[in-house]
There are 2 protein chains.
Amino acid sequence: MITKPTLLIDEKKCRANIELMFSKSQKHGLDFRPHFKTHQSLEIGRWFKELGVTKITVSSLEMAEYFASEWNDITVAFPVNVLEIERINTLAWRIQLNLLVDNETSIKMLSDVLSAKVNMFIEVNIGQNRSGVAPTDHTQIEKIIATIENSSFLTFKGFLAHAGHSYKCRRKEDVLKVHEDSLQLMKALKEIYISSYPNSIISLGDTPCFSIAESFDGLDEMRPGNFVFYDLTQNKIGSNHTSQIAVALACPIVSLNKERSEVTFYGGGVHLSKDRFKDDEGIIFGRVAQKKGNGWGEVVPNTYVNSLSQEHGTLSVPIADFNKYHIGDYLLVLPVHSCMTSNLMKSYLTLDGKHISRF
Amino acid sequence: MITKPTLLIDEKKCRANIELMFSKSQKHGLDFRPHFKTHQSLEIGRWFKELGVTKITVSSLEMAEYFASEWNDITVAFPVNVLEIERINTLAWRIQLNLLVDNETSIKMLSDVLSAKVNMFIEVNIGQNRSGVAPTDHTQIEKIIATIENSSFLTFKGFLAHAGHSYKCRRKEDVLKVHEDSLQLMKALKEIYISSYPNSIISLGDTPCFSIAESFDGLDEMRPGNFVFYDLTQNKIGSNHTSQIAVALACPIVSLNKERSEVTFYGGGVHLSKDRFKDDEGIIFGRVAQKKGNGWGEVVPNTYVNSLSQEHGTLSVPIADFNKYHIGDYLLVLPVHSCMTSNLMKSYLTLDGKHISRF
C-alpha cells in the first residue's frame with residue numbers, strides 16, 4: 001500500500017522500451033552498449049541480459065563498481081578523473097574498463113599511474129559544449145593517441161561523443177539534424193584515423209537521436225540510456241509517446257485548495273528533483289497520469305505540477321476536475337527527468353508489489 | 001584527500017550561524033524550534049543541544065523517526081498525511097509529536113485512527129499558497145478546532161505558518177514587508193482564539209525573515225532551518241553574507257576549454273541538485289569560493305556554474321583567470337540551495353577530515 005512518495009515501475013512498459021531499442025540496434029548492425037545511469041539497478045540490467053546485451057555504459061566509477069558484479073565490459077562515459085586512480089586500477093583488474101579522455105594532461109597523468117589494462121576513447125565535442133576535444137583539433141587528438149600508444153596499459157579504442165544538445169530540440173526534424181551532423185563529424189574523424197588504427201570505432205549515445213533517427217550509416221556503437229524509462233522531457237522533444245513512460249511517482253494528497261484549484265501532495269524536490277521545462281502552461285515540474293488497474297494510463301489533460309519545494313508539490317488542476325481529488329488518495333506523477341527522479345528515490349515498486357533495489 | 005564530489009562543512013561557520021540565530025531567539029524571548037531538514041544530522045543536532053535547544057522541526061515522519069533517538073519534542077512541519085497513520089501512532093507513543101493540519105477531512109480521518117497523544121497546529125496560508133487554511137476562514141478553523149477538542153488524543157496547540165514567499169524577495173525591505181504582514185495575520189488569529197485556548201501559540205519559520213527582521217512582537221516560536229548552512233539563494237535574498245555559507249562541494253576538475261573559457265568538473269545535478277536562480281550573468285547553478293587553509297574564503301568574482309547535467313558541471317570563468325584552473329585539482333562550489341545539496345550528498349567532511357553522517 002502507498003503511504004509516502006513511492007517510485008512505481010511498469011515492468012511491461014520498461015521491457016518494451018528495452019526491446020524496441022535493442023531491436024533497433026540489431027536492425028542497424030550496431031553494438032548496443034546501453035547507458036545504465038538512468039535505472040542503476042542490477043535487476044533491471046538483467047532484463048537487458050535476457051536479450052543478449054553484454055556491454056554497458058555508466059557515468060561514474062562507483063556505478064561501474066556496482067555493476068561489475070554482473071557485467072565485465074563497462075564504459076564510464078565521463079572525462080577520466082585522475083584523482084580516482086586507485087578505483088580505476090582496482091576496477092581495471094576485475095573487468096574490461098573503458099574510459100574517456102579529452103586532453104593531453106589527463107592522459108599523461110593516467111598513463112603515469114595506471115597498473116592495469118584500460119581501453120581509451122577520445123571524447124569529441126560535437127556540439128553540446130560540455131567536454132570533449134574539438135573534432136577539428138587533430139593536433140590534440142594525435143597527442144592524446146601518441147600518449148595512449150606509448151603506454152603498455154592503454155589501448156586506443158576510438159572516438160566517442162554524446163549529442164546532448166539534442167535535448168534542446170523540440171521538433172523531430174531538429175533532432176534529426178543534430179543526429180546527421182553528429183554522424184558526419186564522427187565519420188570524418190574515423191576516416192582520417194581508421195587506416196592507422198583499424199580497430200577503432202565510433203560511439204554515439206543519446207536517447208532523442210536514437211529514438212527518432214533511422215539511419216546510422218558508419219556508426220559502430222550506440223549508448224542511449226534514458227529510453228529505459230523515458231519521461232516528460234523526452235516526450236516534449238519527440239522521443240516517445242507518454243504511454244511509454246515506465247515510471248511514475250505515487251504521491252499522497254495532503255491538502256486541497258479550491259480557490260486556487262490546486263492539490264498539494266507529498267512529493268517534492270527530494271523525490272522528483274527540481275528538473276523542469278517550459279510548456280504551454282508555463283514551467284512544468286511533472287504531470288499526472290490517470291490510474292488504471294494497478295498502474296497508470298493516459299496523462300490527465302491541462303493538469304501539471306507548477307511548483308516543488310523540498311517535500312511538497314503543488315498540482316494545478318482545471319476547476320471542473322477539482323472534485324476528483326481527495327485527501328487520503330494519491331496521485332501518479334510522471335517525472336520531468338526520470339534519471340534524476342530514480343537517482344533520488346533509490347528503489348522501485350513494480351505494479352505487482354515487488355521491490356527492485358538499485359545502486 | 002578529495003577524489004570525487006565531497007560535501008565539506010566548515011564547522012566553525014556552521015556553529016557561528018547556529019549561535020547567532022539562537023541568541024536572536026533568546027534576545028526576543030522566542031521559543032527556538034530549528035528546522036532540521038537542512039542538515040538532517042544527529043551530530044550537527046548536538047551542536048544545537050550544547051546551547052540548550054530542546055525542540056526541533058522536521059519535514060517528514062521518517063526524519064522525525066531518525067531524530068527521535070535524541071530529541072523528544074518534534075514538529076513535523078508538513079500537512080498531516082493520513083496514509084502514514086501507523087508511523088504517526090508508533091512515533092507518538094515514543095515522543096511528543098506535533099503535527100499540522102489545514103483541513104477538516106484530514107483531522108477527522110486522523111482522529112478516527114489515532115491511538116496516542118499528538119499536539120496539533122493549524123497551518124495557516126500567509127501568502128506562500130502551498131498549503132494552509134486561509135487566515136480569514138474562521139469557519140474552517142473552528143471546524144478543525146472542534147474535531148481536535150472532540151478527540152481524547154488530540155490537543156490544539158495553536159497556529160503555524162511558513163512565510164515561504166520571502167524566498168521570492170531580492171531586497172531586505174521586501175523580506176521585512178513579508179515578515180510584518182505574516183506577523184500581523186498570525187497575531188490577529190491569536191487574538192481571536194487566545195481567550196478560548198489560552199495555551200495556543202503562534203509559530204513562524206523561514207530563514208530570510210528570521211535572518212533579517214529584528215521585531216517579533218507577539219510571536220511565540222521560531223522555526224528557521226536553512227541558516228545552519230545558508231547558501232547562494234539566501235545570499236541573493238539578503239539573509240547572509242557569502243562568508244557565512246558553511247558547506248561547499250569539492251569537485252574535481254576533469255576538462256578545460258580555453259575557447260569557451262569553461263572548466264568542466266565532476267559534480268552534477270545528483271550532487272548539487274538542479275536548483276538555480278537568475279543573477280546578473282544569467283541562470284546560476286553555483287559559484288566557486290577561493291581555497292583558504294583547509295577550507296575556503298571569498299567567492300571568486302565573475303565566475304559561476306552555468307550548467308549541470310547528471311554528473312558534469314560547467315564553470316564559466318573570466319578568460320584572465322583561465323590558467324588558474326588545472327586538471328587534477330578541485331573546485332569548491334558554494335551551493336544554490338544547501339538543503340537540496342546536503343540531501344543528495346548524505347554525509348559531510350569537516351575541514352579537519354572528520355566524517356559526519358546524516359539521515
Side-chain angles (χ1 to χ4, degrees), chain A residues 1-4 37-38 59-62 78-87 101-103 105-106 109 123 125 128-132 134 164 167 252-257 259-260 262 264 266 268-270 273-276 307 309-312 314 326-330 337 339-340 343-344, chain B residues 1-4 37-38 59-62 78-87 101-103 105-106 109 123 125 128-132 134 164 167 252-257 259-260 262 264 266 268-270 273-276 307 309-312 314 326-330 337 339-340 343-344:
Chain A
M1 200 195 119
I2 304 297
T3 62
K4 57 171 188 161
K37 76 175 176 137
T38 305
S59 56
S60 72
L61 285 164
E62 283 173 295
F78 188 84
V80 62
N81 169 25
V82 288
L83 295 175
E84 289 183 289
I85 186 63
E86 276 188 43
R87 281 213 140 103
V101 70
D102 73 352
N103 65 83
T105 314
S106 291
M109 285 174 141
E123 187 186 6
N125 176 22
Q128 181 176 22
N129 295 340
R130 184 173 70 177
S131 49
Y167 280 76
I253 295 173
V254 293
S255 178
L256 298 166
N257 188 286
E259 225 167 274
R260 297 191 301 274
E262 281 181 350
T264 304
Y266 184 10
V270 298
S273 97
K274 292 281 187 86
D275 253 317
R276 64 196 77 178
S307 165
S309 42
Q310 185 159 340
E311 312 264 358
H312 303 68
T314 314
H326 305 285
I327 303 265
D329 196 0
Y330 60 86
H337 189 174
C339 306
M340 298 292 285
N343 177 69
L344 283 159
Chain B
M1 203 194 116
I2 305 295
T3 63
K4 57 171 187 161
K37 76 175 178 134
T38 305
S59 56
S60 72
L61 285 164
E62 283 173 295
F78 188 85
V80 63
N81 169 25
V82 288
L83 295 175
E84 289 182 289
I85 186 62
E86 275 189 43
R87 281 211 139 101
V101 69
D102 74 350
N103 66 82
T105 314
S106 291
M109 284 174 142
E123 188 188 5
N125 176 23
Q128 180 176 23
N129 294 341
R130 184 174 70 178
S131 48
Y167 280 76
I253 295 173
V254 294
S255 178
L256 298 166
N257 188 286
E259 226 167 273
R260 298 191 301 273
E262 282 181 349
T264 305
Y266 183 10
V270 297
S273 97
K274 294 280 187 85
D275 253 316
R276 64 197 77 179
S307 164
S309 42
Q310 186 159 341
E311 311 263 358
H312 303 69
T314 314
H326 306 286
I327 303 265
D329 197 359
Y330 59 87
H337 190 175
C339 307
M340 297 293 284
N343 178 69
L344 283 159

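Chain letters run A, B, ... following the sequence lines, proteins first and then strands; every chain starts at 1. Please read these numbers as outputs of a predicted model, since none were measured by experiment.
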Practice problem: Check B:Asn129 against A:Glu262 and note the closest heavy-atom contact, atom names and distance. | Solution: O-OE1, 3.7 Å
Quiz item: About how many Å separate OG1 of A:Thr3 and CG of B:Asn81, when rounded to the nearest 0.5 Å?
Solution: 7.0 Å
Self-check item: Per-residue contact mode, B:Asn103 against chain A (heavy atom under 4.5 angstrom)
Solution: side chain
Practice problem: Name the region of A:Val80, side chain, backbone, both or neither, that has any atom closer than 4.5 Å to a heavy atom of chain B. | Solution: backbone
Quiz item: Going by heavy atoms in the side chains, are A:His312 and B:Pro79 under 4.5 Å from each other?
Solution: yes
Practice problem: Identify the heavy atoms of A:Gly328 and B:Val82 that sit nearest to each other, and give their distance. | Solution: CA-CG2, 4.0 Å
Quiz item: Any idea which of A:Glu62, A:Glu123, A:Glu259 has the most non-hydrogen atom pairs under 4.5 angstrom with chain B?
Solution: A:Glu62
Quiz item: Which residue out of A:Arg260, A:Met340, A:His326 racks up the most heavy-atom pairs below 4.5 Å with chain B?
Solution: A:Arg260
Quiz item: Which is it for A:Arg276 and B:Arg276 under the side-chain contact (heavy atoms from CB on, under 4.5 Å) test, yes or no, and what are the steps along the way?
Solution: CA-CA 11 Å; A:Arg276 64 196 77 178; B:Arg276 64 197 77 179; 3.6 Å; yes
Exercise. Count the heavy-atom pairs under 4.5 Å between each of B:Ile2, B:Asp329, B:Asn343 and chain A, then report the option with the highest count.
Key: B:Asn343
Exercise. Among the options B:Leu344, B:Asp275, B:Thr105, B:Thr264, pick out the one with the most heavy-atom pairs lying under 4.5 Å from chain A.
Key: B:Asp275
Quiz item: Should we say atom CD of A:Glu86 is surrounded by more than 12 heavy atoms from elsewhere, each under 6.0 Å from it?
Solution: no
Practice problem: Could you walk me through whether B:Arg87 and A:Lys4 pass side-chain contact (heavy atoms from CB on, under 4.5 Å), step by step? | Solution: CA-CA 11 Å; B:Arg87 281 211 139 101; A:Lys4 57 171 188 161; 3.8 Å; yes
Quiz item: Is it the backbone or the side chain of B:Asp102 that comes under 4.5 Å from a heavy atom of chain A, or both, or neither?
Solution: side chain
Quiz item: What part of A:Glu311 is in contact with chain B, defined as an atom under 4.5 angstrom from a non-hydrogen atom: side chain, backbone, both or neither?
Solution: both
Self-check item: Which portion of B:Ser131 sits near chain A, non-hydrogen atoms under 4.5 angstrom
Solution: both
Quiz item: Under a 4.5 Å heavy-atom cutoff, which of B:Gly132, B:Ser255, B:Ala134, B:Gly269 has the most pairs with chain A?
Solution: B:Ser255
Quiz item: Any idea which heavy atoms bring A:Ser59 and B:Gln310 closest together, and the distance?
Solution: OG-NE2, 4.5 Å
Quiz prompt | Structural part of B:Val270 lying under 4.5 Å from a heavy atom of chain A | solution = both
Quiz item: Between A:His337 and chain B, which part of the residue has a heavy atom less than 4.5 Å away: side chain, backbone, both or neither?
Solution: side chain
Quiz item: Between A:Ser309 and B:Arg130, do the side chains contain an N or O donor and an N or O acceptor separated by less than 3.5 Å?
Solution: yes
Quiz item: Which heavy atom in A:Met109 sits nearest to a heavy atom in B:Ile327, and how many Å separate them?
Solution: CE-O, 3.7 Å
